[in-house]
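Below: one structure, written as structure tokens.
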Amino acid sequence: MPQTSEDDLPEQLRIRREKRAAIISRGFDPYPVSVPRSKSLKAVRAENDGLEIDIATGKIESVTGRVIFKRDTGKLCFANLREGEGTELQAMFSLDKVGVESLERWKSEIDLGDLVSVTGEIITSKRGELSILANTWQLAAKSLRPLPVEHKPMSEETRVRARYVDLIVRPEARSMARLRPAVMRSLRDSFAARDFIEVETPMLQVMHGGATARPFITESNAYDMELFLRIAPELFLKRCVVGGIERVFEINRNFRNEGADSSHSPEFAMIESYEAYGDWNSIAALTKSLVQEAAMAVFGTHVVTHHDGRTLDLGGEWREASLYELISEGVGEEVTPQTSYEELKLHATKLGMKVDPKWITGKLAEEIFEHVTEGQLNAPIFVKGYPVDTSPLVRAHRETPGIVEKWDLYVEGFELATGYSELIDPVVQRERLVEQAQLGAKGDLEAMQIDEDFLRAMEFAMPPTGGMGMGVDRLLMALTGLGIRETILFPLVKPEE
RNA sequence: GCGUUGUUAGCUCAGCUGGUAGAGCAGGUGACUCUUAAUCACCGGGUCGGGGGUUCGAGUCCCUCACAACGCACCA
């Protein structure tokens with residue numbers, strides 16, 4: 001949008017600035033400190049529901065709203081006012097109520113997008129529309145920019161870059177902005193009902209850990225040192241568990257310096273939760289409750305309807321299947337954790353996959369899994385038992401060799417959450433972190449660093465624990481069927497210039 | 001990071017093999033006391049993303065930069 005000198009503005013912006021100046025020169029204030037408002041539009045609608053046609057209620061109210069539709073006919077003018085969450089009310093301005101001067105000012109000074117206060121009687125029009133018939137009106141704030149066309153959707157980019165306009169114009173934007181906090185509240189209620197304690201752990205970290213990802217690097221002037229924006233809260237939440245906060249969770253932002261696409265944002269909200277004396281099964285049950293209770297809280301049902309009309313049933317028991325069973329199904333032959341790299345590679349080639357020589361055996365198995373289940377895992381499913389060599393921080397499966405007690409929850413074809421029986425042996429933990437650090441020394445930018453303080457905490461003994469992580473943005477995607485940028489009010493976008 | 005496609009009025013878009021820019025809504029002026037995507041008449045509005053090149057002539061062809069969407073890679 002152009003930000004040039006006053007006299008070089010596009011016509012529509014120039015005219016609105018001129019109107020603002022004209023209002024001032026006539027002795028009115030385009031930005032008054034307060035305006036009359038006795039009730040919200042929502043309250044007026046609620047209290048006057050179901051009136052017959054052409055009724056005068058005798059009730060005088062003052063309402064405010066943004067002018068989103070304006071019909072200036074000769075001596076009786078109509079406007080639709082809209083308030084924050086989308087409630088609308090028609091305002092009527094008749095010559096015999098407001099007088100010539102005020103009616104002419106309404107026609108010439110007020111544009112679409114202006115905020116106004118209208119005082120008058122609540123009536124229904126001859127067409128039955130609930131309206132406020134103005135006795136007086138006042139500008140609450142002049143909009144210097146025109147609103148986009150209501151009936152043609154703004155382009156995706158304009159919506160993201162000007163979310164404030166999107167919120168004014170598009171019902172889905174308004175409902176998403178309110179859906180997200182409702183889901184947050186539900187999640188916190190679900191945790192509270194189970195005696196989980198919410199904590200806030202550092203976002204600025206001296207070392208990054210708890211996940212394999214590239215961090216954002218920043219710098220502290222006061223300490224004259226490099227700091228990392230956290231990629232996960234895991235290592236601090238585990239410190240909490242060591243300290244006896246047996247049921248703990250955090251809902252907050254993580255930052256990963258990686259690619260961004262329709263399901264990845266550089267900053268994303270995540271839930272992490274740990275349950276002492278629980279395991280991957282108890283934490284899976286918790287995860288299912290969190291999702292189902294959120295669906296119930298915001299939609300009143302476990303069968304959620306997406307914006308395009310498709311439905312998704314999140315209710316009941318969810319399917320569980322082992323990773324290697326699903327792979328076996330997919331390739332039509334039995335594949336186990338013991339299946340050799342060469343055999344896996346044969347399967348992969350047969351499936352037409354290109355095999356990256358850097359992949360280790362477990363990674364290859366996971367890649368085959370993703371290939372054969374692509375676009376299939378729509379209904380919620382816990383995929384259980386991942387290869388040991390790709391999950392360095394997870395406890396080995398208690399019965400089956402070669403796999404760990406880790407599940408991934410898939411919904412709508414994407415990974416919504418992951419859960420583990422946590423590794424609690426500090427000696428093994430140290431060995432795994434040392435391996436990671438060696439990878440880091442070799443140039444793997446995603447490898448974890450050795451967090452000595454975390455290891456010291458573990459050496460004080462962490463109880464057997466189940467842990468999970470779930471993307472909040474992704475939960476909203478599962479509930480609504482929208483892309484991640486739609487679930488975030490202000491996703492990162494590069495400046496236009 | 002690589003590849004493909006796109007960027008034209010405030011908004012949403014059209015613009016053919018290169019010939020000097022169009023629509024709808026929005027805006028301005030006027031008419032209308034029951035409109036509701038109001039209607040009718042008239043009128044204005046553009047450095048066609050930035051820069052460079054080819055050409056008598058570029059919104060259109062070529063190069064380059066910026067931004068975006070989609071695909072691939074990485075990841076939740």
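These values consider heavy atoms only, across backbone and side chains, with no hydrogens, waters or symmetry-generated copies. To find a chain, count down the sequence lines: A is the first, B the second, and so on, and within it residues start at 1.
K107(A) comes within 4.0 angstrom of no nucleic acid atom, judged by non-hydrogen atoms across all strands. Counting any heavy atom pair closer than 4.0 Å across all strands shown, T418(A) reaches no nucleic acid atom.
Put simply, CD on E109(A) is 12 Å from P on G28(B), counting in whole angstrom units. For E157(A) and U8(B), the CD to P distance is 10 Å, given to the nearest whole Å. For the pair H151(A) NE2 and C13(B) C1', the interatomic distance rounds to 16 Å; values are reported in whole Å. Taking atom NZ of residue K494(A) and atom P of nucleotide A66(B), one finds them 8 Å apart after rounding to whole Å. For the pair R14(A) CZ and G45(B) C1', the computed distance is 9 Å after rounding to whole Å.
C42(B) and G28(B) make up a base pair, with Watson-Crick or G-U wobble contacts both under 3.5 Å. Across all strands shown, G71(B) forms a Watson-Crick or G-U wobble pair, both distances under 3.5 Å, with C2(B). Summarising the base pairing, C61(B) is matched to G53(B) through a Watson-Crick or G-U wobble pair whose two defining distances lie under 3.5 Å. Both distances falling under 3.5 Å, in either a Watson-Crick or a G-U wobble arrangement, occur for no nucleotide opposite U17(B). Using the Watson-Crick or G-U wobble rule with both distances under 3.5 Å, U7(B) pairs with A66(B).
OP1 or OP2 of C25(B) has not a single side-chain nitrogen or oxygen of K152(A) nearer than 4.0 Å. Between U33(B) and S94(A), no contact under 4.0 Å exists linking OP1 or OP2 to a side-chain N or O. The side chain of K75(A) places an N or O atom within less than 4.0 Å of a non-bridging phosphate oxygen (OP1 or OP2) of U33(B). Side-chain nitrogen and oxygen atoms of T158(A) include at least one within less than 4.0 Å of the OP1 or OP2 phosphate oxygen of U12(B).
Comparing G27(B), U33(B), G10(B) against the side chain of I15(A) picks out G27(B) as the nearest.
Between the side chain of Q12(A) and the base of A26(B), at least one donor-acceptor pair of N or O atoms lies under 3.5 Å.
The pair R82(A)-E88(A) meets the salt-bridge criterion, since a charged nitrogen lies less than 4.0 angstrom from a carboxylate oxygen. Ion pair R66(A)/E83(A) not flagged as a salt bridge, since none of the NZ, NE, NH1 or NH2 atoms sits closer than 4.0 Å to an Asp/Glu carboxylate oxygen.
The shortest heavy-atom contact between S94(A) and D96(A) is OG-OD1, 2.5 Å.
Judged by ring centres under 5.5 Å apart and planes tilted less than 30 degrees, F268(A) stacks against the six-membered base ring of A76(B).
Within the cation-pi definition used here (under 6.0 Å to the ring centroid, within 45° of the axis), R230(A) does not qualify as a partner of F236(A).
Checked against the 6.0 Å centroid threshold, W280(A) and Y420(A) do not count as a close aromatic pair.
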